[in-house]
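Structure, as structure tokens:
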Amino acid sequence: DGGITQSPKYLFRKEGQNVTLSCEQNLNHDAMYWYRQDPGQGLRLIYYSQIVNDFQKGDIAEGYSVSREKKESFPLTVTSAQKNPTAFYLCASARGTGEGEQYFGPGTRLTVT
Amino acid sequence: AQSVTQLDSQVPVFEEAPVELRCNYSSSVSVYLFWYVQYPNQGLQLLLKYLSGSTLVESINGFEAEFNKSQTSFHLRKPSVHISDTAEYFCAVSAGGSQGNLIFGKGTKLSVKP
């Protein structure tokens, strides 16, 4: 079955540690996205990538980093510089043809204490 | 720049009653419009979309939305809701083109009560 996988579903870390969230897709999509979701705030774009080996900052990129070495993978690292990292993180992909329709993974809930 | 406003953060409704979730957008260019649904602790699922053509679009589970260009709206409606429709609904807009990034509203929590 084609789709997007995110792992793990729940992640716990101590403050000051970097943590990497996994996102893999087998839809052969060119574009991939990372969003952060907080209650009542909707989805905010962290980073996106339209093509392998290229990515752009979204609206709230500070404290995060990404890589896009393979078409199917777009891992997100939450660094210790992110002041409030506890949130629900969603990965999405799209064909990249410009219509905008995105397909979402199940999300990772990160808790930092 | 585009923006999306979902006018109600929460909508409580009784089972079998009709519901309308409101969405307005602002954009200086033609847009594509989407409604997504999110069940607790899950990702977003596409409910329906307007790309072009008929301004009334329908989903397989009874929801419909109408694109109104003059009012810059894309309200979501269902004539009779089920308990299982309880979820958060997000309206989103894209200007298309090489970027195609989605701009999301803040979401409306639909709570269907027996």
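These numbers come from the heavy atoms of this one structure, side chains and all, not from hydrogens, waters or symmetry mates. Order of the sequence lines fixes the chain letters, A, B, ..., with proteins taken first and strands second; residue numbering starts at 1 for each chain.
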Worksheet item: How far does CD of A:Q37 sit from NZ of B:K106, to the nearest 0.5 angstrom?
Response: 11.5 Å
Discussion item. If hydrophobic clusters are built by linking Ile, Leu, Val, Met, Phe, Trp and Tyr wherever their side-chain heavy atoms come under 4.5 Å apart, do B:L48 and B:L56 end up in the same one?
Written reply: no
Worksheet entry | Selection residues 21-33 of chain B - residue pairs positive for salt bridge (charged side-chain N to carboxylate O under 4.0 Å, His left out), sequence neighbours left out | B:D8-B:R22
Worksheet entry | CZ-CD distance between B:F104 and A:Q102, expressed to the nearest 0.5 angstrom | 5.5 Å
Worksheet item: Can you tell me how far CG of B:L102 sits from CG of A:L43, rounded to the nearest 0.5 angstrom?
Response: 9.5 Å
Item to complete: Return the option, out of B:G107, B:G43, B:A92, with the maximum number of heavy-atom pairs under 4.5 Å with chain A.
Response: B:G43
Item to complete: Is it possible for you to say whether A:V66 and A:L45 belong to one hydrophobic cluster, with membership spreading through side-chain heavy-atom contacts below 4.5 Å?
Response: no
Worksheet item: For the residue pair A:F88 and B:N41, what are the closest heavy atoms and their distance?
Response: CZ-C, 4.1 Å
Practice prompt. State, with a plain yes or no, whether a side-chain heavy atom of B:N101 is found less than 4.5 Å away from one of A:Q50.
Written response: yes
Worksheet entry | Positions in residues 104-113 of chain A that reach chain B, provided some heavy atom is under 4.5 Å away | A:F104, A:G105, A:P106, A:R109
Worksheet item: Are B:W35 and B:L33 co-members of a hydrophobic cluster defined by side-chain heavy atoms under 4.5 Å apart?
Response: yes
Item to complete: Please answer: with hydrophobic residues joined when any side-chain heavy atoms are less than 4.5 Å apart, are A:I51 and A:I46 in the same cluster?
Response: no
Item to complete: Decide yes or no for A:Y35 and B:L44: does some side-chain heavy atom of the first lie under 4.5 Å from some side-chain heavy atom of the second?
Response: no
Discussion item. With a 4.5 angstrom heavy-atom cut-off, is it the side chain or the backbone of B:Q38 that approaches chain A, or both, or neither?
Written reply: side chain
Discussion item. Is it the case that atom CD in B:E16 sees more than 12 heavy atoms from other parts of the structure closer than 6.0 Å?
Written reply: no
Worksheet item: Going by the salt bridge (charged side-chain N to carboxylate O under 4.0 Å, His left out) test, which pairs reach into residues 27-39 of chain A, not counting sequence neighbours?
Response: A:D30-A:K71, A:R36-A:D38, A:D38-A:R44
Item to complete: Can you establish whether the number of heavy atoms outside B:L7 located under 6.0 Å from its atom CG is more than 12?
Response: yes
Discussion item. Does atom NZ (A:K9) have a neighbourhood of more than 12 heavy atoms from anything else shown, all under 6.0 Å?
Written reply: yes
Item to complete: Could you state whether A:L27 and A:V52 fall into the same hydrophobic cluster, counting links through intermediate Ile, Leu, Val, Met, Phe, Trp or Tyr residues with side-chain heavy atoms under 4.5 angstrom apart?
Response: no
Worksheet entry | Segment of A:Q6 engaging chain B (4.5 angstrom heavy-atom cut-off) | neither
Worksheet item: Do A:Y103 and B:L46 have side chains that get closer than 4.5 Å, going by heavy atoms?
Response: no
Item to complete: Hey, could you give me the NZ/CD distance between B:K49 and A:E101, rounded to the nearest 0.5 Å?
Response: 3.5 Å
Discussion item. So if I take each residue of residues 57-89 of chain B and look for any heavy atom under 4.5 Å from a heavy atom in chain A, which residues do I end up with?
Written reply: B:E88
Worksheet item: Under a 4.5 Å heavy-atom cutoff, which of A:G40, A:A92, A:G42 has the most pairs with chain B?
Response: A:G42
